[in-house]
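A short write-up of the structure that comes next.
For clarity, every value in this text was computed on a predicted model and none was experimentally measured. In each ligand, atom 1 is the first atom listed, and ligand 1 is the first ligand listed. Only this structure's heavy atoms are used, side chains among them; waters, hydrogens and symmetry mates stay out.
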Amino acid sequence: MSRLRLSGISRSFGAIQALDGVSLELAPGEVMGLMGDNGAGKSTLVKIIAGNYRPSKGEIRIDDKPVEFHRPIDAQRAGIEIVHQNLALCDHLTAASNVFLGREPMKRFGPIRVIDYDTMRSTSAGLFARLKSETRPRDVVRRMSGGQRQAVAIARTLLSEARIVLLDEPTAAISVRQVAEVLDLIRNLRDHGISVILISHRMPDVFAVADTIAVLRRGNLVAAKRAADSSPEEVTGLITGAIEYA
Ligand SMILES: Nc1ncnc2c1ncn2[C@@H]1O[C@H](COP(=O)(O)OP(=O)(O)O)[C@@H](O)[C@H]1O
Ligand SMILES: [Mg+2]
């Protein structure tokens, strides 16, 4: 059984064909590295899976059942969470507040309802522990490293029992040591049976964690294979077009 199956997904923006008939399958607990040059269609593909964009053509199946996402909340309800390229965190808020942003738990205080900060702190502490991250709930995002920011964004995806997590360039702008932290976060998601699509330009990161590798070139899927059956050289060739198809 596949957790996610895309069949013939196409999407155009005016005259630009961003995706052209992409078909992919993702198993439970599989980490897929999604690679391709700038403009290849990577972000568009994960945004379609996350309900940000609608496909012009094609079908999405979750656990072998066809789904149609009109808005991001539809995809969230199906267990899909996305961490966008820009992370979309609030710099002046704490880690706990960012984890719960827009989903704050409330408690009764006499006749009024107030935000339940205790629950936010204890739940997010539990999520950071589960991710083996040293981030503390009261830390303010502004003072965090890039790796910790990713931990906050990923902890957010775990609030809602995500079964598919989409990561758009999580290691693009962080130091080598922080990259190791983020790769550990991804292994943690996998160990909890969560399927992951990791978009990255960094070949070593992808080969370090991915079970499978998919390559997009100008909106076309030119490879989807086991990482063990490929190599950085082959993937580079597929990205540039030196290798047509694999
Ligand atoms: N909202 C949009 N409006 C118009 N064109 C877009 C939009 N989003 C993406 N595109 C175009 O679609 C193509 C694929 O973009 P994108 O999915 O962002 O690629 P990648 O993430 O691989 O760099 C590009 O030509 C890009 O300019
Ligand atoms: Mg992109």
Side-chain angles (χ1 to χ4, degrees), residues 4-26 31-60 68-75 80-89 146 149-150 153-154 156-157 164-174 178-179 182-183 185-186 195-207 209-210 212-225 227 230 232 234-246:
L4 171 73
R5 187 195 299 267
L6 306 180
S7 312
I9 296 287
S10 298
R11 168 76 206 212
S12 45
F13 296 102
I16 296 167
Q17 182 85 38
L19 293 172
D20 187 6
V22 172
S23 300
L24 265 187
E25 220 180 309
L26 188 67
V31 179
M32 174 182 280
L34 178 58
M35 306 203 66
D37 213 346
N38 281 332
K42 307 179 297 297
S43 293
T44 301
L45 189 65
V46 292
K47 283 177 178 170
I48 284 173
I49 300 167
N52 296 100
Y53 295 151
R54 302 212 48 198
S56 322
K57 263 194 285 182
E59 188 189 57
I60 304 176
E68 260 187 56
F69 301 145
H70 299 271
R71 292 154 309 184
I73 186 74
D74 299 336
I80 298 169
E81 292 279 337
I82 184 166
V83 177
H84 288 288
Q85 223 159 346
N86 60 13
L87 290 188
L89 297 178
R149 283 166 201 251
Q150 285 292 339
I154 290 172
R156 209 179 136 67
T157 70
I164 300 172
V165 171
L166 311 167
L167 300 170
D168 198 347
E169 298 273 6
T171 58
I174 59 181
Q178 293 166 22
V179 167
V182 172
L183 297 183
L185 293 174
I186 294 170
S195 307
V196 178
I197 297 182
L198 164 68
I199 296 182
S200 177
H201 275 108
R202 296 171 50 108
M203 204 66 77
D205 301 353
V206 172
F207 275 90
V209 290
T212 52
I213 296 195
V215 183
L216 282 172
R217 193 171 67 239
R218 298 183 180 184
N220 293 289
L221 190 78
V222 292
K225 62 194 294 190
S230 187
E234 181 180 67
V235 173
T236 302
L238 288 160
I239 291 171
T240 59
I243 301 172
E244 194 71 38
Y245 186 82

For the residue pair [X] and [Y], establish whether any side-chain heavy-atom pair is separated by less than 4.5 Å.
X	Y	value
Val196	Leu167	yes
Gln17	Arg218	no
Glu169	Ile199	yes

Number the atoms of ligand 1 from 1 as they appear, then name those within less than 4.0 Å of a heavy atom of Asn38, with their elements.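 Going through ligand 1 atom by atom, the ones under 4.0 Å from Asn38 are 23 (O).
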Asp37 heavy atoms, cut-off 4.0 Å: which ligand 1 atoms fall inside?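 Near Asp37, the atoms of ligand 1 are 22 (O).
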To the nearest 0.5 angstrom, please state how far the CD1 atom of Ile197 sits from the NZ atom of Lys42.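 So the gap between those two atoms works out to 13.5 Å.
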Between atom CD1 of Ile80 and atom CD1 of Ile60, what is the distance when rounded to the nearest 0.5 Å?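 Taking CD1 in Ile80 and CD1 in Ile60, the distance rounds to 7.0 Å.
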Heavy-atom nearest neighbour in the protein, as seen from [atom], with distance rounded to 0.1 Å:
atom	value
atom 12 (O) of ligand 1	Ala18 CB, 3.4 Å
atom 1 (N) of ligand 1	Tyr53 OH, 3.3 Å
atom 3 (N) of ligand 1	Phe13 CD2, 3.5 Å
atom 15 (O) of ligand 1	Thr44 OG1, 3.8 Å

Ligand 1 versus Ile16: contacting region, heavy-atom distance under 4.0 Å: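 It is the side chain that touches ligand 1; the backbone stays farther off.
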Indicate whether atom 7 (C) of ligand 1 is within a distance of less than 4.0 angstrom of some protein heavy atom.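 It does: a protein heavy atom is found less than 4.0 Å away from atom 7 (C) of ligand 1.
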Among all the protein's heavy atoms, is there at least one whose distance to atom 18 (O) of ligand 1 comes out below 4.0 Å?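 Protein heavy atoms within 4.0 Å of atom 18 (O) of ligand 1 - there is at least one.
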Which of the listed options, Ser43, Gly41, Gly39, Ala15, holds the heavy atom that is closest to atom 13 (C) of ligand 1?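 Looking at heavy atoms only, the winner is Gly39.
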Identify which one of Asn220, Leu45, Leu221, Leu6 satisfies the side chain to side chain contact (heavy atoms under 4.5 Å, CB included) criterion when paired with Leu19.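 For Leu19, the side chain to side chain contact (heavy atoms under 4.5 Å, CB included) check succeeds only for Leu45.
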Tell me whether ligand 1 is touched by Ile199 - counting only heavy atoms on the residue side and a distance under 4.0 Å.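 For ligand 1, residue contact (heavy atoms, under 4.0 Å) with Ile199 is absent.
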Suppose we only count N/O/S atoms under 2.8 Å; would Ser43 qualify as near the Mg ion (ligand 2)?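 So Ser43 does bind the Mg ion (ligand 2) by this criterion.
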Does a side-chain N-to-carboxylate-O contact under 4.0 Å join Glu59 and Arg5?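 No, no charged N to carboxylate O under 4.0 Å.
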Geometric N/O contact Ala40 with ligand 1, under 3.5 angstrom: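 Yes, since at least one N or O of Ala40 sits under 3.5 Å from an N or O of ligand 1.
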Does OH belonging to Tyr245 count more than 12 external heavy atoms closer than 6.0 Å?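 No, because the 6.0 Å sphere around OH of Tyr245 holds 12 heavy atoms or fewer from other groups.
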Asp20 vs Ser10, test: side chain to side chain contact (heavy atoms under 4.5 Å, CB included). Steps then yes/no. CA-CA 5 Å; Asp20 187 6; Ser10 298; 4.1 Å; yes
